[in-house]
Amino acid sequence: MMEKTEKYRLLTEQIRSLIEGETDTVAIMANVCAAIHETMGFFWTGFYRVVGGELVLGPFQGPVACMHIGFGRGVCGTAWKQRQTIVVPDVEEFPGHIACSSLSRSEIVVPLFSKDGEVTAVLDIDSKELATFDDTDCQYLETICSMI
Ligand code: SME
């Protein structure tokens with residue numbers, strides 16, 4: 001089996017060429033989450049966008065999910081508030097975690113920033129296993145998010 005780092009390296013290059021020249025954010029988010037989801041085999045991969053002072057569900061792959069998340073709420077709202085990536089090895093240990101699916105056991109949320117430093121969206125990835133995400137996931141997913 002290909003190592004995680006190698007998968008991410010190829011994925012990052014695939015995404016770089018996939019979105020080159022594209023300016024529509026929804027189209028980019030749709031293909032980026034599909035590429036991540038297919039390559040890495042996660043349970044749920046998607047974006048929430050900052051719209052009207054809350055997070056609203058954007059393009060995603062996986063089961064249906066909650067559509068609105070408030071500032072500071074759940075892992076997604078906390079990543080938005082803290083303006084940083086959050087890795088949760090066990091969602092049951094995260095106070096206020098929003099359970100869209102009882103199958104989700106661990107997750108990572110990476111914020112996306114505008115040119116002037118505002119959080120514009122978050123990338124949320126859920127896994128059915130505990131402690132799926134580590135520094136490698138952080139590093140590559142942050143790189144991918146900075147390309148969007
Ligand atoms: N787990 C998220 C909610 C979104 S669903 O997992 C897709 C959270 O607590 O922010």
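Counting convention: from 1, in listed order, for ligands and their atoms alike.
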Taking [X] for the side chain and [Y] for the main chain, is one N or O donor matched with an acceptor at less than 3.5 Å?
X	Y	value
Asn31	Ile28	no
Ser104	Ser101	no
Trp44	Pro63	yes

Go through ligand 1 atom by atom and flag the ones less than 4.0 Å from a non-hydrogen atom of [X].
X	result
Trp44	7 (C)
Gly74	9 (O), 10 (O)
Cys100	3 (C), 4 (C), 5 (S), 7 (C)
Asp126	5 (S), 6 (O), 7 (C)
Ala65	7 (C)

Give me the residue, atom name and distance of the protein heavy atom closest to atom 3 (C) of ligand 1.
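For atom 3 (C) of ligand 1, the nearest protein heavy atom is Ile98 O, 3.5 Å.
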Identity and distance of the protein heavy atom lying nearest atom 10 (O) of ligand 1
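In this structure, atom 10 (O) of ligand 1 has Cys76 N, 2.7 Å as its nearest protein heavy atom.
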State whether Arg105 and Asp126 are salt-bridged, where the test is any N-O pair (Lys NZ or Arg NE/NH1/NH2 against Asp/Glu carboxylate O) under 4.0 Å.
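Here Arg105 does not pair with Asp126 in a salt bridge, since their nearest N and O are not under 4.0 Å apart.
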In terms of the angle between their ring planes, are Phe42 and Phe133 parallel, tilted or perpendicular, with boundaries placed at 30° and 60°?
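Tilted: the ring planes of Phe42 and Phe133 meet at 30° to 60°.
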Where is the tightest heavy-atom contact between Phe47 and Met29, given as atom of each residue plus distance?
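Reported closest heavy-atom pair: CE1-O, 3.3 Å.
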Below 3.5 Å, N or O to N or O, backbone or side chain included: is there any such pair between Glu107 and ligand 1?
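By distance alone, the answer is yes.
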Please work out whether any backbone atom (N, CA, C, O) or any side-chain heavy atom from C-beta onward of [X] is under 4.0 Å from ligand 1, and answer side chain, backbone, both or neither.
X	answer
Asp124	side chain
Val75	both
Phe60	neither

Has Tyr48 got any heavy atom lying under 4.0 angstrom from an atom of ligand 1?
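Checking ligand 1 against Tyr48, which is what was asked, there is a heavy-atom contact under 4.0 Å.
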Tell me, do Val109 and Val88 make a side-chain contact under 4.5 Å, heavy atoms counted?
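Heavy-atom side-chain distance check fails, nothing below 4.5 Å.
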Within a radius of less than 6.0 Å around CG of Asp135, do more than 12 heavy atoms belonging to other residues, nucleotides or ligands occur?
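No, because the 6.0 Å sphere around CG of Asp135 holds 12 heavy atoms or fewer from other groups.
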